[in-house]
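Just so you know, residue 1 is the first one in the sequence shown, and it goes up from there. All values derive from a computational prediction rather than experimental measurement. Just so you know, these numbers use all the heavy atoms, side chains as well, and skip hydrogens, waters and symmetry mates.
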Amino acid sequence: MKKSAMSFLLITALLGSLLTACSGNADKNNITPTATSSPTASESVSPSPESSPSASPESSPSEQPEASPSESAQPDKKPQPSPSPSESAKPDKKPQPSPSPSESAKPDKKPQPSPSPSESAKPDKKPEPSEKPKSLSSGDIVDFMLEQVEQPVSLDMSAEQMEEAYGIDPDILENFAVRAPFVNIKSNELALFKVKKTKDAAAVKKGIEKRAGDIQKSFESYLPDQYENSKNYRVVTQGNYVLFIISESADDLEKAFKGALAQK
């Protein structure tokens, strides 16, 4: 404050001196100097230094002049510096950095690599081999043979009828099929036996011989042509199968039998 007052007084004194000087020059220019002018007249025209400050009220400020830019509006207290742009809106806590693109949506666990084409869809365990195609039953094979070679109408024997006619124990057989003539005027017969064990094939052949002898006796004095047909019976063994044929087309039936086994 003292500094401001002294500045004000200094500025006032300077302004007063300037105004006095300016007023003196103006009066000198307006009055033509004469030889007879008295010194008192010149003194009365020039204003006194004391009255000059009051004569120009507009020039002398009634209030304190504005302080110099360095001192104007100087607050009582030193103002706090405004926050720098880098610190504007600074959060209370430091924000967490956003995850980098390489880390975005990073799973908790490391993903397993996708299997290569050679290993794609590789089962944990070696798959069990699919079941082998079900082997043809004796009935399936006989039906196939009759489709290939036409024979007289026949009937299918039951297990009891087969055991009575052939004397073969059904327990040694896995399956069988016997087709006998529907009318007793034909000696044609077709039978196929599949044994559980190959050693039982001999018992089946023995039963076939018994059946062939019975058929021959029934046609010996009844129908000579059928008697001759029954005498030409055929027995074919292949693997666990034993085939019995009485027919004029025995060759074709045997061929159809072997063809059926080849397709299994």
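- Going from atom NZ of K255 over to atom OG of S249 covers 12.5 Å, rounded to the nearest 0.5 Å.
- At a threshold of 4.5 Å between non-hydrogen side-chain atoms, the residues D156 and Q161 do not count as touching.
- In this pair, F193 and F176 present their aromatic rings parallel. The plane angle is below 30°, not in the 30 to 60° band.
- A chain of hydrophobic side-chain contacts below 4.5 Å, direct or via other Ile, Leu, Val, Met, Phe, Trp or Tyr residues, connects L155 to Y166.
- In this structure, V142 is not a member of the same hydrophobic cluster as V153, with clusters built from ILVMFWY side-chain heavy atoms closer than 4.5 Å.
- Looking at every heavy atom in both residues, R211 comes nearest to M157 through NH2-CE, 3.7 Å.
- Hydrophobic clustering (side-chain heavy atoms under 4.5 Å, transitive across Ile, Leu, Val, Met, Phe, Trp, Tyr) groups I215 together with Y233.
- Side chains of N188 and E248: a donor on one and an acceptor on the other come within 3.5 Å.
- Side-chain contact check for V204 versus T237: every heavy-atom pair is 4.5 Å or farther apart.
- With respect to R234 and D251, a salt bridge is recorded, a charged nitrogen being found less than 4.0 Å from a carboxylate O.
- Criterion: ILVMFWY side-chain heavy atoms under 4.5 Å apart, direct or through other members. Under it, I141 and M162 are not part of a common hydrophobic cluster.
- Contact annotation: the side chain of Q238 approaches that of L261 to within less than 4.5 Å [non-hydrogen atoms, C-beta and beyond].
- Judged by distance alone, the side chain of N240 and the main-chain N or O of T198 form no donor-acceptor pair under 3.5 Å.
- Checked by atom type and distance alone, the side chain of K194 never pairs as donor or acceptor with a backbone atom of G239 at under 3.5 Å.
- Distance alone, capped at 3.5 Å, is enough to place a donor-acceptor pair between the N175 side chain and the S138 backbone.
- A 4.5 Å side-chain heavy-atom check between D225 and N229 finds every atom pair outside the cut-off.
- One distance of note links OG of S137 with CG of L192; it measures 9.0 Å at 0.5 Å rounding.
- Under a 4.0 Å N-O distance rule, the pair K258/E254 qualifies as a salt bridge.
- Nearest heavy-atom pair across S154 and R179 is OG-CB, 3.5 Å.
- The shortest non-hydrogen separation linking P181 to S187 is CG-C, 4.5 Å.
- V235 and V149 are assigned to two separate hydrophobic clusters, defined by single-linkage of ILVMFWY side chains at heavy-atom distances under 4.5 Å.
- Side-chain contact between L190 and I245: present, with at least one pair of heavy atoms (C-beta onward) separated by less than 4.5 Å.
- Between V178 and E189 there is a side-chain heavy-atom pair separated by less than 4.5 Å.
- Within 6.0 Å of atom NZ in K196, more than 12 heavy atoms from other residues, nucleotides or ligands are found, so the atom counts as buried in its surroundings.
- With rounding to the nearest 0.5 angstrom, the OG atom of S218 is 9.0 Å from the CD atom of Q216.
- When the shell of 6.0 Å around NZ of K210 is examined, it contains more than 12 heavy atoms from other residues, nucleotides or ligands.
- Judged as a salt bridge (Lys or Arg N to Asp or Glu O under 4.0 Å), and not counting sequence neighbours, D169 has no contacts.
- Between F144 and L136, every side-chain heavy-atom pair lies at or beyond the 4.5 Å cut-off.
- Atoms NZ and OG, from K217 and S230 in turn, are 12.0 Å apart once rounded to the nearest 0.5 Å.
- For the atom pair Q226 CD and I246 CD1, the distance stands at 10.0 Å (nearest 0.5 Å).
- Annotation for E163 and I168: closest pair CG-O, 3.5 Å, computed over non-hydrogen atoms.
- Among all heavy-atom pairs drawn from I172 and A203, the shortest one is CD1-CB, 4.2 Å.
- The two residues F219 and I185 make their nearest non-hydrogen contact at CE2-C, 4.0 Å.
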